[in-house]
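Numbers restart at 1 for each chain; the letters A, B, ... are given by sequence-line order, proteins then strands. Predicted model only: the values in this text are computed from it and were never measured.
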Number of protein chains: 2
Amino acid sequence: MKDREGRGSELKQAIRPIKMSTITDVAEEAGVSRATVSRVLSGSDAPIRPATREKVLAVVAKLGFRPNAVARSLSGKRTFTVGVLVSDIGNPFYAEVIKGVEDAGLPEGYNLFLGNTNFDLDRGTTLIHSLIDRRVDGVIILFSRTSQEWLTTLAGHNIPVTVVDRDPSIPPLESVSINVDFRPGIRAAVEHLVGLGHRRFAHVSGPLDLQTSRRRRDMFMEELAAHGIKPGQIQCEEGDFHIEGGREAARRIFDNNKTWPTAIFAANDLMALGVMGEARARDLRVPQDLSVIGLDDIWPAAHSTPPLTTVAMPRYKIGFQAMSRLMKQLKEAKPGRKTPQEISLATQLVIRESTAPPRR
Amino acid sequence: MKDREGRGSELKQAIRPIKMSTITDVAEEAGVSRATVSRVLSGSDAPIRPATREKVLAVVAKLGFRPNAVARSLSGKRTFTVGVLVSDIGNPFYAEVIKGVEDAGLPEGYNLFLGNTNFDLDRGTTLIHSLIDRRVDGVIILFSRTSQEWLTTLAGHNIPVTVVDRDPSIPPLESVSINVDFRPGIRAAVEHLVGLGHRRFAHVSGPLDLQTSRRRRDMFMEELAAHGIKPGQIQCEEGDFHIEGGREAARRIFDNNKTWPTAIFAANDLMALGVMGEARARDLRVPQDLSVIGLDDIWPAAHSTPPLTTVAMPRYKIGFQAMSRLMKQLKEAKPGRKTPQEISLATQLVIRESTAPPRR
DNA sequence: CTGAAAGCGCTTACAG
DNA sequence: CTGAAAGCGCTTACAG
């Protein structure tokens, strides 16, 4: 069997230190100036005589020359790096967004600095500063609880920022704003539930100081209202976007209510998973006794028991667009403030097995 | 309510471009040379007169000066960056390792370049090269299927590498090797299962061209042998470390065997989840009809239905140690090959609800 | 204890 | 079409 870990003869080959060649080496070997080498390599718009270009390229290939990105960054005023800030890489949602970011950036030569704030504001501040010190070309911030101060600092340093799912009513300190249109997904979810025959609902929201939490909740209410169900009839419990918070909210719903809801909509999948966990602990069967809908469509949602019906976020696309738009900004006129961009990405209902007609 | 997203008066404050001061500005303002400023800021061992130091520090504070990390990298021959390569950030296992890496590195001023290979060898090669171009101080490779070529290339460039859970029989091209001691966890798992009364076992392995897959499997066999259960009695199916692969392996186990096993040990949690999914699809109840044990202890394992009993990897610690040891190497004598290091981290059984005495 | 100078490896006006 | 020169913002021997 071929061992992919590579045990074979290749080991014999001695590890000989590679003599890192510089642009000067190439220039000398090719008999041109360093400026010329730089120009053919950096895709400058300066015209180069084909013969010269070929000669340089040949030497580059022969020497295996690769420009030192650090030097290039210092003189070129661009690092081709972007900082990505997340609150928790453990959340598969962010992981998938990051994949999109990387896929968009890699072909253009961008590398990513990863920063995990762990929900810690000070840590976030530290990370922001280190990113500025490293002269990243841009920053992508992937969570709603973004300190206004960070944005101001970044803007002050003229570093474009992309934010996702953030209050649009806040003046755009950021250069790119990726909005999520929850409407289609939530509308479909409500129609699905109402069509199944549900009339008694509860909602587990995210932290209500976050605009996105309020938006998800209000939209759910509005869509229900369209079917004659008044906000007053809907029990809302505040969660924290984590499993445990969802579970606790579910406890409160199950405990305090005489008339149990037949369907619960949680503002994200993690909390929906928590709700299902609590239901199970109480021998409530999902979906027979209780329908549950989440939001995000992280992979564990598809593999929970039962598989979770959920309002899917375009996770990968969010990341890909976040990076694409950011790079577009970076290509624009260098000086001065960039003109802010804004795009909206739609959600979509994914029906799995956590929803069914209510018992009675 | 205080809106953490920050809508308040702070918005009024105009975003004024910050005049990035350089070391020259500081030097002039403080009336010293740039060399002196550099020395007080970079913690050089050169002695500085306290008065001078204070004066410099005062100006630094006043100007809000922060050294340009790019320039510092170019002249200092160190970037204080490390590349982290994972095959799939979507896997919470890697996410937690990365947290450990970041936590160890941040206090020392290290930032992380993230590289997601997506199981794509060519992409991995591209990433490795970009990391070299960026002159990372070190690289941490977080998966078993590591191309020998990458290691050779990195070694040739004199870039220390930390690898995790990799065949120790391979000559240490890497500088730091984090080994995982599966023994205690797997032994406890077997004792747990045997103690429960199980006698018929199956194993879902990882890809068998990976040494770590063989190691996990063999250790499981060995421990069972200690309880009088011969390898011949254990049905082994090869998986791929993913949910679907686990599910397919489970299908084969359930289909092809007259005598169904009462307990299945999967070489990682993802596959264990797949096994449970398939069991559920066949109305086999876990743990009543079938006990399942995984390995890793990613967070979804604690929240599956039922919660998964698993051999826990010291995920965070792996990352923390990987980075700590790497940094230790970096502090060592600059020139020449570093003396390879090797450490071993133990696994541990976490008993949850996917295991119980067999029916008959 | 501190400064002048060279240098890290590129890019980019500025000439020609 | 190409080169000489200055410069990006630091660090580090080398002197003193």
Side-chain angles (χ1 to χ4, degrees), chain A residues 18-57 59-60 63-81 109 132-135 137 157 334-335, chain B residues 18-57 59-60 63-81 109 132-135 137 157 334-335:
Chain A
I18 286 153
K19 49 341 154 194
M20 288 281 208
S21 40
T22 72
I23 199 173
T24 304
D25 301 327
V26 177
E28 283 175 358
E29 180 95 14
V32 298
S33 73
R34 298 182 313 176
T36 299
V37 177
S38 173
R39 282 192 272 254
V40 348
L41 254 33
S42 60
S44 138
D45 48 355
I48 308 278
R49 191 150 51 87
T52 310
R53 175 187 304 278
E54 277 167 34
K55 187 172 34 172
V56 170
L57 256 20
V59 175
V60 165
L63 264 45
F65 171 70
R66 311 199 100 226
N68 178 328
V70 176
R72 187 178 267 208
S73 296
L74 183 60
S75 59
K77 267 56 180 97
R78 294 186 59 181
T79 57
F80 285 90
T81 61
I132 293 175
D133 293 347
R134 295 196 181 281
R135 300 295 186 272
D137 292 342
H157 287 272
K334 312 292 178 66
Chain B
I18 286 153
K19 53 328 153 205
M20 289 280 209
S21 41
T22 71
I23 199 174
T24 305
D25 300 328
V26 176
E28 283 174 0
E29 180 95 14
V32 298
S33 72
R34 298 181 313 176
T36 299
V37 176
S38 173
R39 283 192 272 255
V40 349
L41 254 34
S42 59
S44 136
D45 49 353
I48 309 279
R49 191 151 49 89
T52 309
R53 175 188 303 279
E54 278 167 35
K55 188 172 34 174
V56 170
L57 256 19
V59 175
V60 165
L63 265 43
F65 171 71
R66 312 198 101 227
N68 179 328
V70 177
R72 188 178 267 208
S73 296
L74 183 59
S75 59
K77 268 52 182 103
R78 293 187 59 181
T79 56
F80 285 92
T81 60
I132 294 174
D133 293 347
R134 294 197 181 282
R135 300 295 187 271
D137 293 342
H157 287 272
K334 313 292 178 64

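- Between V37(B) and V32(B) the shortest side-chain heavy-atom distance falls below 4.5 Å.
- The distance from atom CZ of F65(A) to atom P of dG9(C) is 10 Å, rounded to the nearest whole Å.
- Taking atom CD of residue E54(B) and atom C1' of nucleotide dC1(C), one finds them 15 Å apart after rounding to whole Å.
- dG16(D) is paired with dC1(C) under the Watson-Crick or G-U wobble criterion, all donor-acceptor distances under 3.5 Å.
- Set against dG9(D), dT11(D), dG9(C), the side chain of N68(B) has dG9(D) as its closest nucleotide.
- If you measure from atom CZ of R53(B) to atom C1' of dT2(C), you get 13 Å, rounded to the nearest angstrom.
- Comparing dG3(D), dT11(D), dC10(C) by their closest approach to the side chain of T22(A) singles out dC10(C).
- Looking at the side chain of T52(A), the nearest of the listed nucleotides dT2(D), dG9(D), dT2(C) is dT2(D).
- Minimum atom distance to the side chain of A35(B) is reached by dT12(D), of the listed dT2(C), dT12(D), dC10(C).
- When the nucleotides dC1(C), dG9(D), dG9(C) are ranked by their closest atom to the side chain of S75(B), dG9(D) comes out on top.
- Following rounding to the nearest Å, F80(B) (CZ) and dC10(D) (P) show an atom-to-atom distance of 15 Å.
- Remark: side-chain polar atoms of S42(A) are paired, donor with acceptor, to backbone N or O of S38(A) under 3.5 angstrom.
- For R49(A), a side-chain nitrogen or oxygen approaches OP1 or OP2 of dT2(D) to under 4.0 Å.
- Note on V37(B): nothing from the nucleic acid sits closer than 4.0 angstrom, heavy atoms only.
- The 5' end of DNA chain C is approached more closely, in terms of each residue's nearest nucleotide, by S33(B) than by the other of G76(B) and S33(B).
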(message) Test side chain to side chain contact (heavy atoms under 4.5 Å, CB included) on I132(B) and R66(A); report intermediate values, then the result.
(response) CA-CA 9 Å; I132(B) 294 174; R66(A) 311 199 100 226; over 6 Å; no

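- Between S38(A) and the phosphate of dT11(C), there is a side-chain N or O to OP1/OP2 separation shorter than 4.0 Å.
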(message) One pair to check against side chain to side chain contact (heavy atoms under 4.5 Å, CB included): T52(B) and V40(B). What are the steps and the verdict?
(response) CA-CA 9 Å; T52(B) 309; V40(B) 349; 5.7 Å; no

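- At a cut-off of 3.5 angstrom, the base of dG3(D) holds at least one donor-acceptor pair with the side chain of R39(A).
- Rounded to a whole Å, the NZ atom of K55(B) is 14 Å from the P atom of dC1(C).
- In this structure, S73(A) reaches neither bases nor backbone, as no heavy-atom distance under 4.0 Å exists between it and the strands shown.
- Contact record, I23(A) with R34(A): CD1-O, 3.6 Å, taken as the closest heavy-atom pair.
- Rounded to the nearest 0.5 Å, atoms CZ (R39(A)) and CZ (R53(A)) are 11.5 Å apart.
- In this entry the distance linking CD1 of I23(A) with C1' of dT11(C) reads 8 Å, nearest Å.
- Backbone-only contact: V32(B) has heavy atoms under 4.0 Å from sugar-phosphate atoms and none from a base.
- For the pair R72(B) CZ and dG7(C) P, the interatomic distance rounds to 22 Å; values are reported in whole Å.
- Residue contacts for L74(A): at a heavy-atom cut-off of 4.0 Å it reaches a base atom on one of the strands shown.
- Using a 4.0 Å heavy-atom distance criterion, P47(A) is classed as a base contact.
- Between R34(A) atom CZ and dG7(D) atom C1' there is a gap of 11 Å when expressed in whole angstrom units.
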